2 protein chains.
Amino acid sequence: MYYGKKCIFVANNIIVVTLSEENYLKAIYLISKYGGESVSTNAIAERMDTKASSVTDMIKKLADKSFVNYKKYQGVRLTEKGRLAASNVVRKHRLWEVFLVDKLNFSWDEVHEVAEQLEHIKSEKLTNELDAFLEFPEEDPHGDPIPDKQGYIKNSQKVLLSQVSTGSVCICVGVKDSSVEFLQYLDKLSIGLGTVFTVASKEVFDESLTITLNESPLSVSKTVSNNLYVKIKN
Amino acid sequence: MYYGKKCIFVANNIIVVTLSEENYLKAIYLISKYGGESVSTNAIAERMDTKASSVTDMIKKLADKSFVNYKKYQGVRLTEKGRLAASNVVRKHRLWEVFLVDKLNFSWDEVHEVAEQLEHIKSEKLTNELDAFLEFPEEDPHGDPIPDKQGYIKNSQKVLLSQVSTGSVCICVGVKDSSVEFLQYLDKLSIGLGTVFTVASKEVFDESLTITLNESPLSVSKTVSNNLYVKIKN
DNA sequence: ATATATTTTTAGACTAGTCTAAATTTTATT
DNA sequence: AATAAAATTTAGACTAGTCTAAAAATATAT
Ligand SMILES: [Mn+2]
Ligand SMILES: [Mn+2]
Ligand SMILES: [Mn+2]
Ligand SMILES: [Mn+2]
């Protein structure tokens with residue numbers, strides 16, 4: 001009997017889920033907004049930087065294992081089992097990101113690549129002890145929510161900076177784009193999670209904003225305001 | 001061009017070493033006593049619980065990448081490059097074991113399985129920050145030495161309990177067999193790293209020892225004394 | 001020195017996961 | 001409704017890593 005042996009997690013001699021399957025589940029979970037919506041083959045392929053034909057192959061395997069419901073040409077939707085498996089991968093990813101930033105001096109633009117690896121480590125005890133060690137964080141270094149053991153996510157009232165009306169005092173609570181480039185640009189602007197500023201004015205021409213940060217005015221483009229989550233402070 | 005894409009570490013777009021290759025390198029490294037001796041195909045197969053034919057296949061790949069020197073039917077020996085790659089895997093394995101015990105409340109019999117996964121995470125920064133976070137430990141929870149960044153290992157004067165002469169005061173500094181079974185048995189005997197005891201007498205019949213631990217006599221079999229490393233205290 | 005046993009390698013097969021190119025189905029446009 | 005475009009699936013090929021069975025080389029025993 002051939003089981004691939006390496007790279008595959010085995011519990012009680014039953015194969016649970018491979019690294020590759022986990023990556024597909026995670027992609028479906030995130031594209032579908034945490035398991036809600038149905039997801040197209042192409043959307044998965046694009047997100048995972050792979051080919052649609054590969055996605056179709058994998059979707060069939062996931063359907064066989066009842067992680068997704070699948071009808072040809074109709075896209076997929078996570079089952080409850082799939083949603084839980086996927087949320088667990090995301091939980092691990094985000095917990096490890098917190099660990100790297102809080103304990104190992106990583107900056108928020110350095111953690112993602114390593115967390116992509118760490119999220120596949122299989123050990124319930126490890127995940128839960130890590131959670132406790134970090135004092136049960138609710139959000140990762142990019143402001144994204146960390147699902148709990150049961151896959152439950154606390155939803156917060158964050159809103160995109162671009163939606164905020166002039167005069168509001170805001171606190172930065174997350175990023176929509178968490179690319180290295182954007183994060184480093186925010187560093188340069190001295191904007192990070194917890195940064196407080198006021199929306200001074202909005203330019204009609206290009207929808208750029210002028211915000212007041214540390215008493216000084218700062219202009220931010222529409223691209224920035226469209227990718228920064230804030231909470232209104234008053 | 002096909003590169004397997006997943007599971008393979010890429011630095012500057014050059015494939016460095018796969019998870020499977022790392023496992024073989026580690027096995028050769030440990031069998032050869034940290035890269036010294038030449039190692040037979042069968043020895044690798046036995047240690048890795050795989051078939052000799054698979055080992056031969058992999059050996060050829062490792063030789064192509066100049067991690068080992070290989071002549072048909074003559075076994076393999078690690079090159080300097082191979083020794084360093086292997087020592088890095090062992091370094092990571094043992095650092096993670098320290099992390100799990102010191103920070104995440106794992107016991108010494110629970111860490112190995114998880115460390116087998118964690119040892120393959122590729123990030124120099126992670127390894128070095130973890131090392132610093134743990135305050136540069138020199139040994140893992142089983143008393144095994146942790147190679148430094150350059151692959152250097154501090155060698156210690158530890159000796160098997162079975163070699164110690166009667167009357168010696170010993171401090172337990174490591175185990176040769178680190179199976180769950182042996183480690184749990186030691187727990188039951190209240191023997192761990194740092195435990196101090198005196199060798200009271202040796203039984204000629206079965207070479208069992210009577211040791212004095214916390215004022216009380218305790219009998220340990222030859223199997224135990226052959227798998228426990230100690231340092232003489234005076 | 002020869003025969004036997006052991007070790008190692010080779011040959012051929014298999015799975016997981018990927019790809020390209022072609023076929024099929026669904027969706028959008030006239 | 002027919003056609004064109006886009007999305008999706010299928011067919012067939014490829015690699016890494018493994019296996020079994022057979023062949024070849026080396027080591028051991030008479
Ligand atoms: Mn991330
Ligand atoms: Mn994140
Ligand atoms: Mn170990
Ligand atoms: Mn160890």
Side-chain angles (χ1 to χ4, degrees), chain A residues 1-10 13-28 31-32 37-65 67-77 116 120, chain B residues 1-10 13-28 31 37-65 67-77 116 120 122:
Chain A
M1 230 166 311
Y2 178 86
Y3 278 138
K5 201 169 179 186
K6 315 293 169 171
C7 249
I8 290 177
F9 179 55
V10 174
N13 263 341
I14 295 150
I15 292 171
V16 177
V17 56
T18 66
L19 183 144
S20 211
E21 286 169 349
E22 282 192 339
N23 281 333
Y24 279 93
L25 287 171
K26 183 181 57 158
I28 297 167
I31 294 168
S32 72
E37 307 163 10
S38 149
V39 169
S40 77
T41 304
N42 265 1
I44 301 170
E46 188 174 347
R47 174 162 203 130
M48 299 191 63
D49 192 26
T50 185
K51 301 296 165 181
S53 56
S54 307
V55 174
T56 302
D57 284 350
M58 181 56 86
I59 278 174
K60 288 176 184 165
K61 289 173 200 162
L62 293 175
D64 283 348
K65 295 186 176 185
F67 286 115
V68 296
N69 290 125
Y70 170 57
K71 273 207 199 89
K72 269 193 197 178
Y73 296 98
Q74 302 308 135
V76 285
R77 173 172 266 134
E116 285 291 305
H120 301 291
Chain B
M1 229 166 311
Y2 179 87
Y3 279 137
K5 200 169 178 187
K6 315 292 170 174
C7 249
I8 289 178
F9 179 56
V10 174
N13 264 340
I14 294 149
I15 292 171
V16 177
V17 57
T18 67
L19 183 145
S20 211
E21 286 169 349
E22 283 193 339
N23 281 334
Y24 279 93
L25 286 171
K26 182 180 59 158
I28 297 167
I31 295 167
E37 306 163 10
S38 149
V39 169
S40 77
T41 302
N42 264 2
I44 300 170
E46 189 175 345
R47 173 157 204 134
M48 298 191 65
D49 193 25
T50 185
K51 301 295 166 184
S53 55
S54 306
V55 174
T56 302
D57 285 350
M58 182 55 86
I59 278 174
K60 288 176 184 165
K61 290 172 199 163
L62 294 175
D64 283 349
K65 295 187 176 184
F67 285 115
V68 296
N69 290 125
Y70 170 56
K71 272 207 201 91
K72 269 192 193 177
Y73 296 99
Q74 302 308 135
V76 284
R77 172 172 267 134
E116 286 290 305
H120 301 290
K122 267 85 170 184

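Residue numbers start from 1 in every chain, and the chains themselves are labelled A, B, ... in the order their sequence lines are given, proteins ahead of strands. All values derive from a computational prediction rather than experimental measurement.
Between C:dT26, C:dC19, D:dT10, one nucleotide has an atom nearer to the side chain of A:Lys51 than all others, and that is C:dC19. Side-chain proximity of A:Tyr24 to C:dG17, C:dT18, C:dC19: nearest is C:dT18. You'll find that the side chain of B:Thr41 is closest to C:dT8, out of D:dG17, D:dT10, C:dT8. Out of C:dC19, C:dT10, D:dT9, the shortest distance to the side chain of A:Ser54 is found at C:dC19. Listed candidates were D:dT18, D:dT26, D:dA11. Nearest to the side chain of A:Ser53 is D:dA11. Picking from D:dA16, C:dT26, D:dC19 the nucleotide with the shortest atom distance to the side chain of B:Lys61 gives D:dA16. Counting only heavy atoms from C-beta on, A:Thr56 has its side chain closest to D:dT10 among D:dT10, D:dT18, D:dA24. The A:Thr50 side chain lies nearest to C:dC19 when the options are D:dC19, D:dT8, C:dC19.
Atom pair B:Lys71:NZ and D:dT26:P shows a separation of 12 Å (rounding to whole Å applied). To the nearest angstrom, P of D:dA7 lies 15 Å from CD1 of A:Ile59. The separation between B:Lys65 atom NZ and D:dA16 atom P is 8 Å, rounded to whole Å. Rounding to whole angstrom units, CG of residue A:Asp64 and P of C:dA16 are separated by 11 Å. Between the CD atom of A:Glu22 and the C1' atom of C:dG17 there is a distance of 15 Å, rounded to whole Å. One interatomic measurement links the two molecules: CG of B:Asp49 to P of D:dT18, which rounds to 11 Å at whole-angstrom precision. Atom NZ of A:Lys72 and atom C1' of C:dT26 are 14 Å apart (whole Å).
Among the atoms of the strands shown, only primed sugar atoms or phosphate atoms (P, OP1, OP2) are found under 4.0 Å from some heavy atom of B:Lys60.
Proximity of A:Tyr24 to A:Val76: side-chain heavy atoms (C-beta onward) are nowhere separated by under 4.5 Å. At a threshold of 4.5 Å between non-hydrogen side-chain atoms, the residues A:His120 and A:Asn23 count as touching. The side-chain heavy atoms of B:Val39 and B:Val68, taken from C-beta on, include no pair separated by under 4.5 Å. Taking 4.5 Å as the limit, some side-chain heavy atom of B:Lys26 sits within range of a side-chain heavy atom of B:Glu116.
Of the side-chain N and O atoms in B:Ser20, none sit less than 4.0 angstrom from OP1 or OP2 of D:dA16. Taking only side-chain nitrogens and oxygens, B:Asn42 never comes nearer than 4.0 Å to OP1 or OP2 of C:dT6. For C:dT9, the OP1/OP2 oxygens have a side-chain nitrogen or oxygen of B:Tyr70 closer than 4.0 Å.
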Side chain to side chain contact (heavy atoms under 4.5 Å, CB included), that's the test. Do A:Met58 and A:Met48 meet it? Break it down for me.
CA-CA 12 Å; A:Met58 181 56 86; A:Met48 299 191 63; over 6 Å; no

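Counting distance only, with no hydrogens placed and no angle test, the side-chain atoms of A:Ser40 and the base atoms of D:dT8 include no donor-acceptor pair under 3.5 Å.
Of the two residues contacting DNA chain C, namely A:Gln74 and A:Asp57, the nearest-nucleotide position lying further toward the 5' end is that of A:Asp57.
For the atom pair CD1 (A:Ile28) and CG (A:Leu62), the distance works out to 5.5 Å, reported to the nearest 0.5 Å.
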